[in-house]
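Take a look at the structure set out below.
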Number of protein chains: 2
Amino acid sequence: MELAVDLAILTVREEQLQVLIIERDNEPFQGWPALPGGFMRPGEPLYAAAVRELAEETGLDAAPLHLEQLATYGDPDRDPRGRVVSVAYLALAPNLPIPRAGSDARAASWVPVESVAGRLAFDHDEILDKAVDRARSALEYTTLATAFCGETFTMGDLRGVYEVVWGVRLDPRNFSRKVVGTEGFVIPTKAKRAQDTGRPATLYRRGPATTLYPAMLRTKE
Amino acid sequence: MELAVDLAILTVREEQLQVLIIERDNEPFQGWPALPGGFMRPGEPLYAAAVRELAEETGLDAAPLHLEQLATYGDPDRDPRGRVVSVAYLALAPNLPIPRAGSDARAASWVPVESVAGRLAFDHDEILDKAVDRARSALEYTTLATAFCGETFTMGDLRGVYEVVWGVRLDPRNFSRKVVGTEGFVIPTKAKRAQDTGRPATLYRRGPATTLYPAMLRTKE
DNA sequence: ACAAAAGTGTTCAATTTACACCCATGG
DNA sequence: CCATGGGTGTAAATTGAACACTTTTGT
């Protein structure tokens, strides 16, 4: 029996929720889009395997990323090669430059989640579904939205993350008040960022808080 | 590499959150309390393995229980016998009769979570922690509290689940109104249940709803 | 001066909380 | 008829939603 790791790496780019997709260059599913991943090595801890695959397949450094275990998939026929049980990880990344092709020469690129849903190899559609679901919930109950932002970010950046991941519009004023009013969510810096026009926005850093009480309420669908 | 399944089976008994614990009769950790579990069979789906272990070790039938995947544990040295990766499952059970000892003659019994926390074999303390955490959250955002009740239950029973799992007191009147007011949470039956004293309570069945909007608010700590 | 985006103050509605009160049953 | 727990009504307090308005910049 083989044990593998698969990665659903999400980011917010171009006003869309995007996922890092590779094109498979080997059978099975040669030429298909798939989540990056690979087999675990003997004696390797799960988390370490996820970090290693992340680096190998995408060139991304896991250190600044949020990386958490998502679920484990073990259908006996999920891989035509035989029994492969896969531990899926979810990573949330800021809007990074398009990663280079990995060492095993697969083309890696950011792709809007909507445009690949239903087209992935193996049971990766199911994994991606769950990853998106988890990301949406995480925004409600935790401060993880900051994981989609860089080291510093404006209130507008952070609000954009919520708007894209949830697919809703949020009132900038109420949003700002809620975030600033939540102890430890963000820390204002002295710096500001000017854009093309308009009043420059304060830049914030992540605060120490991880859970949100009260939760960010997603307008009931 | 071996793949195993471990089960954190929770129930509410005697005003306490209790977990099903077995006493290990083999090395390693012989004589220690542990979560029920065992090795997966070749070609067996993960969920099926969880159901099978539940039946084998505790005599419980999984069909009426809520059973969900919790997380996967794969520290290289979590089992002294060698590399064992374990998929942990969480089960929520109503207050069932004390299960018989399993087929492999281990003593299985309900034990208050508080009294075993920190004493379990392997990394089962970590698993149990996560299970309790998940159960607490589930009560906030889903209708899973009913999984701790039998086929029918009174508002007091359901409220008792919340009070025990969260360790708080809830106002019976507001609780009742909130539950009844949440579309599809519970369905009233014609039957009532009389207790030693007091007005007989209406018996309810589970409704079709699974998620709670708005959430049950846990009084901020 | 104007447009555009950041941020503040204020009001109204919805929700939660607290608690007085009535209902139905066993002893 | 009293104790006990189930269930309803209602007002105060808290919270969220909407939006007018002021601030600060580039052009």
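Here the structure is a predicted model, which means the values were calculated and not measured. In what follows, every chain begins at residue 1, and chains take the letters A, B, ... in the order their sequences are listed.
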Open item on the list: Looking at D:dC21, I'd like to know if its phosphate oxygens (OP1 or OP2) sit under 4.0 Å from a side-chain N or O belonging to A:Arg173.
Closed with: no

Task: Presence of A:Thr197 side-chain N/O under 4.0 Å of D:dT27 phosphate oxygens OP1/OP2 - done: no

TODO: Starting at atom CG of B:Leu170, determine the distance to atom P of D:dG6, rounded to an integer number of angstrom.
DONE: 13 Å

- [ ] Look at the side chain of A:Arg159 and the backbone N and O of A:Ser176, then say whether any donor-acceptor pair between them is shorter than 3.5 Å.
- [x] no

Open item on the list: Does B:Ala201 reach a base, just sugar-phosphate, or nothing at all? Heavy atoms under 4.0 Å.
Closed with: sugar-phosphate

Open item on the list: Students often mix this up, so state it plainly: with edges at 30° and 60°, are the rings of B:His124 and B:Phe122 parallel, tilted or perpendicular?
Closed with: tilted

Open item on the list: What's the separation between atom CE in A:Met216 and atom OH in A:Tyr162, rounded to the nearest 0.5 Å?
Closed with: 4.5 Å

Open item on the list: Just the rounded figure in Å: distance from C1' of D:dT8 to CZ of B:Phe175.
Closed with: 17 Å

Task: Listed nucleotide nearest any side-chain atom of B:Met155, set C:dA6, D:dG7, C:dA18 - done: D:dG7

Open item on the list: Between P on C:dT10 and CZ on A:Arg177, what's the gap in Å once rounded to a whole number?
Closed with: 11 Å

Task: Given DNA chain C, 5'-ward residue of the pair A:Pro200 and B:Lys178, judged by closest heavy atom - done: A:Pro200

- [ ] Using whole Å, report how far CZ of B:Arg199 lies from P of C:dA24.
- [x] 6 Å

Open item on the list: If I take atom CG in residue A:Asp157 and atom C1' in nucleotide C:dA5, what distance separates them, rounded to the nearest angstrom?
Closed with: 13 Å

Open item on the list: Whole angstroms only, please: what is the CG-P distance between B:Asp171 and C:dA20?
Closed with: 11 Å

Open item on the list: From OH of A:Tyr213 over to C1' of D:dT15, roughly how many Å is that when rounded to an integer?
Closed with: 17 Å

- [ ] Measure the spacing between OH of B:Tyr89 and CD1 of B:Ile127 and express it to the nearest 0.5 Å.
- [x] 13.0 Å

Open item on the list: Reading DNA chain D from 5' onward, which residue's closest nucleotide shows up sooner: A:Ala215 or B:Gly198?
Closed with: B:Gly198

Open item on the list: From CG of B:Asn174 over to C1' of D:dA11, roughly how many Å is that when rounded to an integer?
Closed with: 13 Å

TODO: Examine D:dG6: is either OP1 or OP2 under 4.0 Å from a nitrogen or oxygen in the side chain of B:Thr202? Give yes or no.
DONE: no

Open item on the list: Starting the side chain at C-beta, find the nucleotide from C:dG7, C:dC23, D:dC19 nearest to A:Tyr204.
Closed with: C:dG7

- [ ] Without swapping roles, check the side chain of B:Thr189 against the backbone of B:Leu203 for a donor-acceptor pair under 3.5 Å.
- [x] yes

TODO: Establish, with yes or no, whether the OP1 or OP2 oxygen of D:dG6 is under 4.0 angstrom from a side-chain nitrogen or oxygen of B:Arg159.
DONE: yes

